[in-house]
Structures are given as structure tokens and as C-alpha cells.
Protein chains: 2
Amino acid sequence: MIRTNPELATYIQSLWALEGSQILKEDFDPKEVIIEQDRRYGKVHLIREGIAKCYISDENGKEFIQEFLGEGMEFGELEVFDNYTTICSVESITALKTYALPHSTYHKLLDTDPKFNKLIMKALANKIRFKAPRHSYQHSYPIEDNLIRLKKLFPEFTEVISKKDIANYIGITPRSLNRALKELKEKSDFF
Amino acid sequence: MIRTNPELATYIQSLWALEGSQILKEDFDPKEVIIEQDRRYGKVHLIREGIAKCYISDENGKEFIQEFLGEGMEFGELEVFDNYTTICSVESITALKTYALPHSTYHKLLDTDPKFNKLIMKALANKIRFKAPRHSYQHSYPIEDNLIRLKKLFPEFTEVISKKDIANYIGITPRSLNRALKELKEKSDFF
DNA sequence: TACCTAAAAGGACATTTGTCCTCCTTGAAA
DNA sequence: TTTCAAGGAGGACAAATGTCCTTTTAGGTA
């Protein structure tokens, strides 16, 4: 549920430590909006520590959470290739520490560092792999099944992440989430 | 709705034309299952001509269509980086012509051809960009709004793609699709 | 302690969507 | 022409989910 990429995290750390690497460290408080939908930014972030949410909001203010990002996950990277605007907002949930790579640095690394290139390629492929089944699963199974699945994947999710965010992640209202949770509590002692 | 990537299509064509390129042309009939979910394959396909659907099916046989793929779109590429199994099945809708690149060739191109590398990078990023809003939009808007949106994007979609596939694309049942279409016909002359 | 605010829980009802059928249409095959 | 099968359309009802509230809980602050 909270996605990570340890391999990339380790590698970026080693790049950062190099002389003149142009990779900066940045820190954020909880609940800071770090990037906002439909804008342009000049750098890519890679999480060193903490958890963030990546979400799309519509004109009615509804949020739909795409992913929870943990260590080693990057954001702001989709806009580096073309001059597009961002599709998601990213907001820290806990205190968040990132590496920030200016676009120029990111491009230079892609062009000159084959290992970096391959790791980014993999990271992109994994984002696709992850997104695909998530939404279809949520469509074709009852909410309760989705919750059981989340609980197995990440047992403490109800402690770390607010109910509202969980609901937005599954794509339902908090009311429906509550109903499902109550049902599950009555049926079993798993929750 | 039917995704394409003209830039990549053009470039692959030029690569194919090179001496000893190791890129093969393959042809398929309509309704052929070209790759099946949860398996391994040794090559990446890139569509020269025709339309295919990429879908996930669950144990109850429900299909959830991820994308309709047109010229220049690739499939089977997510598994090239790690030794994962496929997450989607791909089935031709019309007669389909592809370029087939063995994994070894694909890797070699990524490593030695910067332009190819960048085009693939972009293609991956665009798949992510495309997937993200699609599912959230479908959650937060009524079916009718989704249909109007599709119609604007691709007016002849009802002719080319079967009702069942459209329903599976939106993530609803054919019954609900019919209901929504009927409503729309009564309300306006757009449909 | 008392007060305030935001998150969480849940009642009552409306709406949407799914399920399970049946019927109709159309085009290919006998 | 008749037959058959598959896709499309839609009625009737059931189930899931959303909307709009009110109430409860918990944590921070005066």
C-alpha cells in the first residue's frame, strides 16, 4: 500500500554523496503540499524518509489518491520528459525528507549514468504494473474484500493513514468505508 | 480512448529498415490472444497497424480493460526489466500488425540508442499519466459524464468497439451502460 | 477543568448499479 | 427460406453506495 523502492533509494544516496552532485536535500513538515496539480516544477523529488500521498483532485474538491509514497519513490518525474504540467498533487503525511534533483541534473544522469537510467526505467515500469490491477480489483470486488487485502498487505494502515485518505485511496466515501469496517469487525476478529 | 504513439511508430519503422535489425514483423487475426496474463514471453510488441485491447481478468472471468492500443503503442515491455510475469492479456480487436523485438534486442537498443531510450522512457511516463486520471474520473463522475467524455474524445467508439468492451473499459456492466446510453439519447441528440 | 475543533461513527433515506431474466435483431450457415 | 447463435436492449427487483445529517470521541489549548 505504501510503495517503496529501496534499490533506487540506496543508489541516489550514493550519487548524492559524490563531489559536486547537484542533488539537494529538502525537508518538509507533515501536511505540506509539495507539488500541486496542473503546474510546472523544475525538479524531481525522491523520498529519503517519510510518507506522502499522491492524489488527483477534481473541481468539486474530491481527492482520489493514486499512491502512498515511501522511501525511494520519486515524484515530479513524469514531467521531465515533455514539458507537461503535473497530473497529481503530492502532500506529505508524516514529516518528509527528499532528495531534490533539478531537471537538468536528472537529464544528465539519465544520459550519462546507465545504472541510473535502468533504475528509473524500472521505477516507471513498476508504477504502471502497480496501477493496473489496483483499479480493476477495486471495481470488481466488494469493499470488504479490498480492506482485507489492504490489511494483509499493510496491517497497521488504519493507524498511519487517516480514514478519509483510506477512503479516497479505495475510491469510496468515508461513510461506505465505515460501514464495511463495521461489518468486518462483527464478522471476524481480523480487524 | 485508443492510444497511439506516432513518434515511436516512425522511429521503430526506421530501425526495422536497418540492416540486421533483428526486428520482426508479425501479423495477427482479429480476436487473437497475443499475450496472456501471468505468463512470460521473450519479446516486446509494437503496433504497426490495427487495434488491440489490453485487459486484466479476474478469477470470475470479469475483464477490466486498461487501454485500447493503436499504432505505435507497445505491449509486453513491462516485463523486460525484471523477470516478472505479465499483468495483462492483450487481444487483437481488428487485424493486427506488429513489430516484435526479442528482449535481447530491446535491451541492446535501450543501452546503445539514446533516442530509442528516450522514446521508451516517454512512452512509459505517458502510460502512467494516462492511467492516473482515467480511473479517478470514472469513480467520481456519473456514467453518463464518462460516456459524453468518450464520445468527444473518440466519436465513433460505439462502431469500432463492442458494447461489452466499452463496459469493461469504463468498469461497469453492459446493463448499466445501456441504461446510461438510453438516458443520453432521450436527453440530447448528441448520441 | 472546561472548551474547542477535527476526525470518526453511524442513522435514515435516496440513488445508482448490479443481477437475472426475457425478448429482439442481425448475420452467417444449413 | 429456415435456423441458430451472439450481441444488443431493457424490465423487475435486489444490493451496494452515496448524501445529508447528528452524535460521539479524542487531542490540543486557554
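Numbers restart at 1 for each chain; the letters A, B, ... are given by sequence-line order, proteins then strands. Fair warning: this is a prediction, and the values are worked out from it, not measured in the lab.
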Note to self: Please enumerate all residues that pass ring pair (Phe, Tyr, Trp, His ring centres under 6.0 Å) together with A:Tyr11, with sequence neighbours excluded.
What the structure shows: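 Here no residue qualifies.
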Expressed as a whole number of angstroms, how long is the span from [X]:[atom1] to [N]:[atom2]?
X	N	atom1	atom2	answer
A:Leu184	C:dA9	CG	C1'	15 Å
B:Ile170	C:dT16	CD1	P	16 Å
A:Leu181	D:dA16	CG	C1'	16 Å
B:Lys182	C:dT16	NZ	C1'	16 Å

Sort me out a list of protein N/O and nucleotides 5-8 of chain C N/O pairs below 3.5 Å, or just none if empty.
residue : atom : partner  : partner atom : Å
C:dA8   : OP1  : A:Lys163 : N            : 3.4
C:dA8   : OP2  : A:Lys163 : N            : 3.3

Examine distances only and state if a side-chain atom of [X] and a backbone atom of [Y] form a donor-acceptor pair shorter than 3.5 Å.
X	Y	result
B:Thr86	B:Arg39	yes
B:Arg134	B:Gln66	yes
A:Ser92	A:Asp29	yes
B:Ser162	B:Asp165	yes

Note to self: I'd like to check B:Leu119 versus B:Asn5 (side-chain heavy atoms, cut-off strictly below 4.5 Å). Are they in contact?
What the structure shows: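 A side-chain contact under 4.5 Å is absent here.
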Report each atom pair, protein N/O against N/O of nucleotides 17-20 of chain C, whose distance is under 3.5 angstrom.
residue : atom : partner  : partner atom : Å
C:dG18  : OP2  : B:Thr173 : N            : 3.3
C:dG18  : OP2  : B:Thr173 : OG1          : 3.0
C:dG18  : OP2  : B:Ser176 : OG           : 2.1
C:dG18  : N7   : B:Arg179 : NH2          : 2.7
C:dG18  : O6   : B:Arg179 : NH1          : 3.1

Margin query: Which label fits B:Trp16 and B:Tyr99: parallel for a plane angle under 30°, tilted from 30 to 60°, or perpendicular past 60°?
Written below: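 Aromatic pair B:Trp16/B:Tyr99 classed tilted.
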Checklist line | Identified ring pair (Phe, Tyr, Trp, His ring centres under 6.0 Å) counterpart of A:Phe68 within the set A:Phe157, A:Tyr169, A:Phe75, A:Tyr55 | finding: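 The ring pair (Phe, Tyr, Trp, His ring centres under 6.0 Å) with A:Phe68 is passed solely by A:Tyr169 among A:Phe157, A:Tyr169, A:Phe75, A:Tyr55.
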